[in-house]
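Contents: one structure, followed by commentary.
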2 protein chains.
Amino acid sequence: MTPRPASRSLSDAAATGVPPTAPATGAGARVTVRDVARAAGVSQPTASLVLGNHPTARVAPATRARVLAAAHALGYRPNVLARGLARGRSFALGVIVPDLRNPFFADVVSGAERVAGAAGYALLLCGAAERPAGEHLATLVSRQIDGVIIDAVNAAALDEDALAGLNVVLVDEPSEQWPGVASDALDAGRQATTHLLALGHTRLAFIGPAADVHAFRMRERGFVQRLREAGLSLPSPMLRRAPATVRGGDEAMRALLAERTRPTAVFCANDLVAIGALKRCAAAGVRVPAELSIVGCDDIEMARLVTPELTTVAVPARELGARAARLLVRQLGGEPPRARAALLPVKLVARGTSGPVS
Amino acid sequence: MTPRPASRSLSDAAATGVPPTAPATGAGARVTVRDVARAAGVSQPTASLVLGNHPTARVAPATRARVLAAAHALGYRPNVLARGLARGRSFALGVIVPDLRNPFFADVVSGAERVAGAAGYALLLCGAAERPAGEHLATLVSRQIDGVIIDAVNAAALDEDALAGLNVVLVDEPSEQWPGVASDALDAGRQATTHLLALGHTRLAFIGPAADVHAFRMRERGFVQRLREAGLSLPSPMLRRAPATVRGGDEAMRALLAERTRPTAVFCANDLVAIGALKRCAAAGVRVPAELSIVGCDDIEMARLVTPELTTVAVPARELGARAARLLVRQLGGEPPRARAALLPVKLVARGTSGPVS
DNA sequence: TTGTAAGCGTTATCAT
DNA sequence: ATGATAACGCTTACAA
């Protein structure tokens, strides 16, 4: 046992011939405020006052300077853990996404990381694929996390107690209870459908997950809604349930192609599904878009890389993550929770997988 | 100022009609060891002893049971910050990657997260694209991070002091100074080249970044090495420098196609580059693989989604991340740093972008 | 086996 | 303007 911090050998200052320029945080010997205070000849709390760079720091300019000089000379680095313990905040945010390997979530996380980092918050990453979100939440709470961003994890499933007393921001999952940021998923479905209708399609199909994720439901609803407005119906074989993955799209499209009357256009719940569907078409010798149009949703990088390039509805994933983090940061900064932000607009990007009905 | 934790309203237990099953961590009133101790009628350190689940916990079975019961009843959750402060460890790992939006790194991080999470460590995510790795390192240190995984960030550039006293594991960047895990990048280059040579190609080209990232250098070296062994040379126009992105590959391929004598096969430093190159060929009307073979490296999911499917060398990205985390966890657990692990094998996956020379 | 006391590095509330 | 003093929640000798 006795877990040693297993520190590194620090033997090569000599080897390089270059003496450490900075006073070299002698591996292990952390410089604390006390050290700084001692060096500056002031009391420890005074040093803390200066270094905590409070705006209200009423300290004599002279001493302040001495303290800062000492801190710099010693290479003082505040211990965020200690600060967190004392202030009851950890200056860290959590982010829970289903799976980082879905490029959409990678974007969301990436955006959140950027904003969080710039604001001095660390970002604790939680993948909900391996381990249930509830568990993640528990460990985040025990880490005194200041707030958490939850994306595409059915929030209703957690409400019970895990979220109690936590600052939560939901991504793409509007809720009475928690603030959040979301894209206009309903409009995404509508735009995609409008596009296909404009191309003359009348036999449309939809592929999407049964999962209870709000954005997917709304995309689907927008699709159905727009269809109805156009006086069209959606025969049940034209509504295929499939996991929101490439594989899911592939298999759903296979089923669709086996139908008696094939659709002439398909709207997919996200780009992964659309790409899977596209792939199946290629394998089955179905020409896209000549015989079948496909529209995805998200506009992940991959969308421009498949052949033909995927027509899709662009959703600002990174911006969603960034805004979620900003919301949290603002809230933690004491600013009152803003009026519910408007839905982020989405925009159809017509590319190569959609064309006029033949 | 006065940053309020901005706690949530907790007003709907009544609305649902369901009384909180757990004693409801009354939002704000954290349950501490003291509370547990008091409830169990023991001293605070005793409770701590039990709850710290030390293997060496010499406490009477009876009291242990009482403490555990009390802890359970009160819904006790240890405060990891406090524990970290006291033990001098944070039970958190950092991971620094250039950009999460590169699927390869998303995989690495994903693998690391899985292992770290399972071992009770949190993972702090740092993207080195926006903010230099050195800064990230500084904030990680101030968070008393227990270890850090660094991928594709030129480690030599940081050595000076930032890494002092830190547990570091390098991914794909062998070093005298730090332990690490790596794929067999040299062999990746060799396998790709062997494959192309076997197909009869003699005019080969390479596209890769000038960046000083070890894996890229080695892939290139393997390529050149194998070429030499085959008695072939690499005319300088056949060595194109480009950022390791889709765009980089696209532009490099454009330059390549403009050459007087075109290559018949191209090996790319990674899949993104290869996909960019492939895309350019499609745009330029160059048939792949009939006129030009392309081989990538990494085998990201995208590789199977482009048309034709990309021939590439599979690198176990997720496994790399997982092993890096495992290495760190082991080391922190007190186990001696293992003998340098062997390079992870890579494997060529022949798909549609490579074919016999015409 | 258990309780007492001290300390981790910071912040915050007081007197002075 | 500054310096004691007391938290924050937990761990860990050392005593009882």
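Here is the naming used below: chain letters follow the sequence lines, and residue numbers restart at 1 for every chain. Everything numeric in this text was worked out from a predicted model, so none of it was measured.
- Which of dG9(D), dT10(C), dT2(C) sits closest to the side chain of R83(A) comes down to dT10(C).
- T46(B) has a side-chain polar atom (N or O) that falls below the 4.0 Å cut-off from OP1 or OP2 of dG3(C).
- Here dG9(C) presents its P atom at 14 Å from CG of L81(B), a figure rounded to the nearest Å.
- V80(A) comes within 4.0 angstrom of nothing in the nucleic acid, heavy atoms only.
- Closest to the side chain of P45(A), out of dT11(D), dG9(D), dA12(C), is dA12(C).
- Straight-line distance from the CZ atom of R38(A) to the P atom of dG9(C): 11 Å, rounded to whole Å.
- Listed pair T63(B) / dT2(C) meets the phosphate criterion, a side-chain N or O lying under 4.0 Å from OP1 or OP2.
- The minimum heavy-atom distance between L85(B) and A82(A), with the atom names listed, is CD1-CB, 3.8 Å.
- More than 12 heavy-atom neighbours from other residues, nucleotides or ligands sit within 6.0 angstrom of CZ on R131(A).
- With rounding to whole Å, R87(A) atom CZ is found 19 Å from dG9(C) atom P.
- Between S43(A) and the phosphate of dG3(D), there is a side-chain N or O to OP1/OP2 separation shorter than 4.0 Å.
- Residues E130(B) and R318(A) are paired through a salt bridge, judged by an N-O separation under 4.0 Å between the basic side chain and the carboxylate.
- For the pair Q144(A) and F91(A), the minimum side-chain heavy-atom distance is 4.5 Å or more.
- The nearest whole Å value for the distance from the CG atom in N79(B) to the P atom in dC8(C) is 18 Å.
- Residue R89(A) contributes atom CZ, which lies 14 Å from atom C1' of dT10(C) at whole-angstrom precision.
- For the pair Y76(B) OH and dC10(D) C1', the computed distance is 7 Å after rounding to whole Å.
- Between the CG atom of L51(B) and the C1' atom of dG9(D) there is a distance of 12 Å, rounded to whole Å.
- Distances from the side chain of A86(A) to the nucleotides dG3(C), dG9(D), dT10(C) place dT10(C) closest.
- Between S48(B) and dT11(D) there is a side-chain polar atom (N or O) within less than 4.0 angstrom of OP1 or OP2.
- Set against dG9(D), dG9(C), dT11(C), the side chain of Q44(A) has dT11(C) as its closest nucleotide.
- Between dT10(C), dT12(D), dG9(C), one nucleotide has an atom nearer to the side chain of L85(B) than all others, and that is dG9(C).
- R34(A) places no side-chain N or O within donor-acceptor distance of the main-chain N or O of Q44(A), the cut-off being under 3.5 Å.
- Rounded to whole angstrom, the span from the CZ atom of R143(B) across to the P atom of dC8(C) amounts to 22 Å.
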